[in-house]
Number of protein chains: 2
Amino acid sequence: MARTTSAGGRKGGPVTLALVAQRAGVSTQTVSNALNSPELLAPGTLKRVREALDELDYRPHRAARSLRTRSSRLIGYGVQPTPPGLSTPVSDHFLHALSDSADQAGYRILLFAALLGADDEAERYDELLREHSVDGFVLNNTYRGDKRPGWLHKKGVPFVAFGRWSAKDTGDWVDVDGAHGTAAAVDHLVAAGHRKIAFLGWPRGSGVGDDRAGGWREAMRRHHLPVRDLRVSSVDEVDAARSAVARVVGRATAVVAASDTLALGCYRALRDAGLSPGRDVAVVGFDDSPAARLLSPSLSSVRQPLDEVGRACTRILMDRIKDPAAAPERVLLAPELIVRESSSAEHRP
Amino acid sequence: MARTTSAGGRKGGPVTLALVAQRAGVSTQTVSNALNSPELLAPGTLKRVREALDELDYRPHRAARSLRTRSSRLIGYGVQPTPPGLSTPVSDHFLHALSDSADQAGYRILLFAALLGADDEAERYDELLREHSVDGFVLNNTYRGDKRPGWLHKKGVPFVAFGRWSAKDTGDWVDVDGAHGTAAAVDHLVAAGHRKIAFLGWPRGSGVGDDRAGGWREAMRRHHLPVRDLRVSSVDEVDAARSAVARVVGRATAVVAASDTLALGCYRALRDAGLSPGRDVAVVGFDDSPAARLLSPSLSSVRQPLDEVGRACTRILMDRIKDPAAAPERVLLAPELIVRESSSAEHRP
DNA sequence: CTCGTGATTTGGATCGATCTAAAATCACCT
DNA sequence: AGGTGATTTTAGATCGATCCAAATCACGAG
């Protein structure tokens, strides 16, 4: 039966194990076993208990269970404040996939406000642990020199990182193969007839940025194409991207950008130079932000499989909670190139 | 001295009230009082207990506290899966502001996967309640006919809605004054010399959409300008927006769009018609999505104060948890028009 | 010097589930 | 019928903090 509306709002206090036990004519322990180790019960008893469970629509009290088992069945996830104007680093998609897969494993996500790189950052994580508020963490936006993975690892706290660019190569992670994405972009552009393909990225030093640049370089070499003077950098600002792109205008017929934001800066720079993005110069972005589809011309972009990333994070974290000492798991997912107008005009040299 | 790294990882088991009590030479109850009702303690005792608390860097066990007080100090927030290609309905900004302000009030955010409008949607909320997993909810994306507010209200569950478009006008909410935003856009365009200002929105029936359309209409009337045949609708798709805009091309010199996505569709339609957005026809969007700043021409847009919305949600929810029977609070926040290139060229008729 | 009064402090029960270990029940064989 | 070992069920303690009510203390009045 288990009707939300009928049994759910039933008067007469909360539905506890004891109540179910009374109704089924057994002890509370037997009810507990019916839930957690049903194989221990005689078939008849199990059936009877399950009926009572169902009729009362019993749900265990999380706090009580948590107190006894010393496990909150909650996973911590720190949300960072997005600096205004930067592309949102983590989308709803990821969070939804994460919550959804966690739910299915009986876990929930606990959000907390984290200041990335702040001095008291470890303090926030530590606090949650000492309160027994979480059983583990999902980290995102790891960066070179990120101290969180090492710190958590040392404490023996289960965690997975979305991103493989932490201080040491320690612990489990899930990441998207950026190099694979930019290489796919190059392959696509070469197939369309392009030979002079520039890369617009961030200054060297960031894991993500260097990874994406590396994919471009590898693919260019593989096609025996020149990379000299075709790599330009800018911080993630339109104006800076504009001046960076100005330097390759005339030297390149296509641009692979490390982000959609940079790609937009590129659009702008091209228009300033009297060129038409998509027609005169092909452009491919990265991240497949919601705007990419809507631009004119619509922007080809490399889409990260955030759903899969979320699910993988959950799966690995569950493994790690079960067996903290097992060998770390690493999952590298391939992104997908979405071809749109900005790169689909046939190029004839 | 409450060092994260020293006392935090201290061996010898968890730091409990009993341990603190032992160290301070008092009973556990006294320590508990020191934390929850310090005015009951003699000054000397308080000082001694506080020292012990500090030296051991004690943190209460959330589950234990929660079990006894019947309050989880957690707030439920359902994340919906974004349909691919639609603008992300809720940004990191909002979630960060929400978590941050909740943290300061001693609460945390519990994320769960919710399918908006699904049959078993109430079930998800109900489950969290019967498990005593949350003390209340923050709802987002309320819509006309949304049954959640009425349902929660009837059950006496504390909640705040971000959005005032629920089934009945019941419960507390925080919202952004969309009409104010579009009216400000009209005022701005009128000041720049425009008289024929079209509105590009969604089909009638959605609270948010009608609100934004209403602001445009009110402002147009206030300026004694015609609204006839200047309101066009499309679902949130670029192609549909394109054909919608085609209908007003030539009749309008400016367009106020109900979202940045629609504004992008408008950009596209204008270019198709051989017109230049920003120069030939001014465009103003809504939401100030990350892309707005980066477009060429950069898009004027109405920015929602999501930080404030998040903080207001927390504040109101705290009030409601303290006193569930008090009169509902409603907060309507004014959005801010961000003027960029798409509407800043002087218009001379 | 005892008693009353209010300010402090404490013991014991409690929240609801799960653990351990022991008791009760059962099946089966001699 | 009685014993044996396995199966099934149960009693009681426990996790850590807070509630309630009772105990202890300080101190001035009678």
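Naming convention: chains lettered A, B, ... in sequence-line order (proteins, then strands); numbering from 1 in each chain.
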Check: A:Phe137 ring centre within less than 6.0 Å of A:Tyr77 ring centre: no

Under-4.0 Å side-chain N/O to phosphate OP1/OP2 contact, A:Ser32 with C:dT18: yes

Note: B:Arg315-B:Glu308 ion pair, threshold 4.0 Å (strictly below): no

Candidate nucleotides D:dA17, C:dA17, D:dA11, ranked by approach to the side chain of A:Ser27 - the nearest: D:dA11

Inter- and intrachain pairs under salt bridge (Lys or Arg N to Asp or Glu O under 4.0 Å), touching residues 28-51 of chain A, at least two apart: A:Lys47-A:Glu51

Aromatic plane relationship, B:Phe94 with B:Phe162 - under 30° parallel, 30 to 60° tilted, over 60° perpendicular: tilted

Sugar-phosphate only, base, or nothing, as touched by A:Val26 at under 4.0 Å among non-hydrogen atoms: sugar-phosphate

Phosphate contact (D:dT18 OP1 or OP2) by B:Asn36 side-chain N/O below 4.0 Å: yes

Phosphate-side-chain proximity, B:Tyr58 and D:dG16, N/O vs OP1/OP2 below 4.0 Å: no

Length of the CZ-C1' vector between A:Arg130 and D:dA17, whole Å: 16 Å

Side-chain N,O (B:Thr45) to OP1/OP2 (C:dT9) below 4.0 Å: yes

Closest listed nucleotide, where the reference is the side chain of A:Ala42 and the choices are C:dT8, C:dA17, D:dT8: D:dT8

Any A:Arg65 side-chain N or O less than 4.0 Å from OP1/OP2 of C:dT18: yes

Of the listed nucleotides D:dG16, D:dA17, C:dT18, the one nearest the side chain of A:Arg70: D:dG16

Length of the line joining A:Leu17:CG and C:dC15:C1', which is rounded to integer Å: 13 Å

Within-4.5 Å side-chain heavy-atom neighbours: B:Arg330 and B:Asp175: no

Between P of C:dG11 and CG of B:Asn33, the distance in whole Å: 13 Å

OP1 or OP2 of C:dT18 under 4.0 Å from side-chain N/O of A:Thr69: no

Length of the line joining A:Arg68:CZ and D:dT14:P, which is rounded to integer Å: 9 Å

Sugar-phosphate, base or nothing in reach of A:Ser66, heavy atoms under 4.0 Å: nothing

For atom CG of A:Leu67 and atom P of C:dA17, their distance in whole Å: 12 Å

Pairing of B:Asp57 and B:Arg59 as salt bridge, 4.0 angstrom limit: yes

Contact nearer the 5' end of DNA chain C, comparing B:Glu39 with A:Pro60: B:Glu39

Sugar-phosphate only, base, or nothing, as touched by B:Leu35 at under 4.0 Å among non-hydrogen atoms: nothing

Salt-bridge present (B:Lys155, B:Asp126; N to O < 4.0 Å): yes

Whole angstrom value for the distance that separates C1' of C:dT9 from CZ of B:Arg48: 11 Å

Distance in angstrom units between A:His61 NE2 and C:dG16 C1', rounded: 7 Å

Please tabulate the protein-to-nucleotide N/O contacts below 3.5 Å involving nucleotides 22-24 of chain D, giving atom names and distances.
none

Touch class at under 4.0 angstrom, heavy-atom based, for A:Thr30 against every strand present: base

B:His153: ring-ring contact (aromatic ring centres under 6.0 Å, His included) partners, not counting sequence neighbours: none

Nearest-Å distance for atom pair CG/C1', residues A:Leu40 and D:dA6: 13 Å

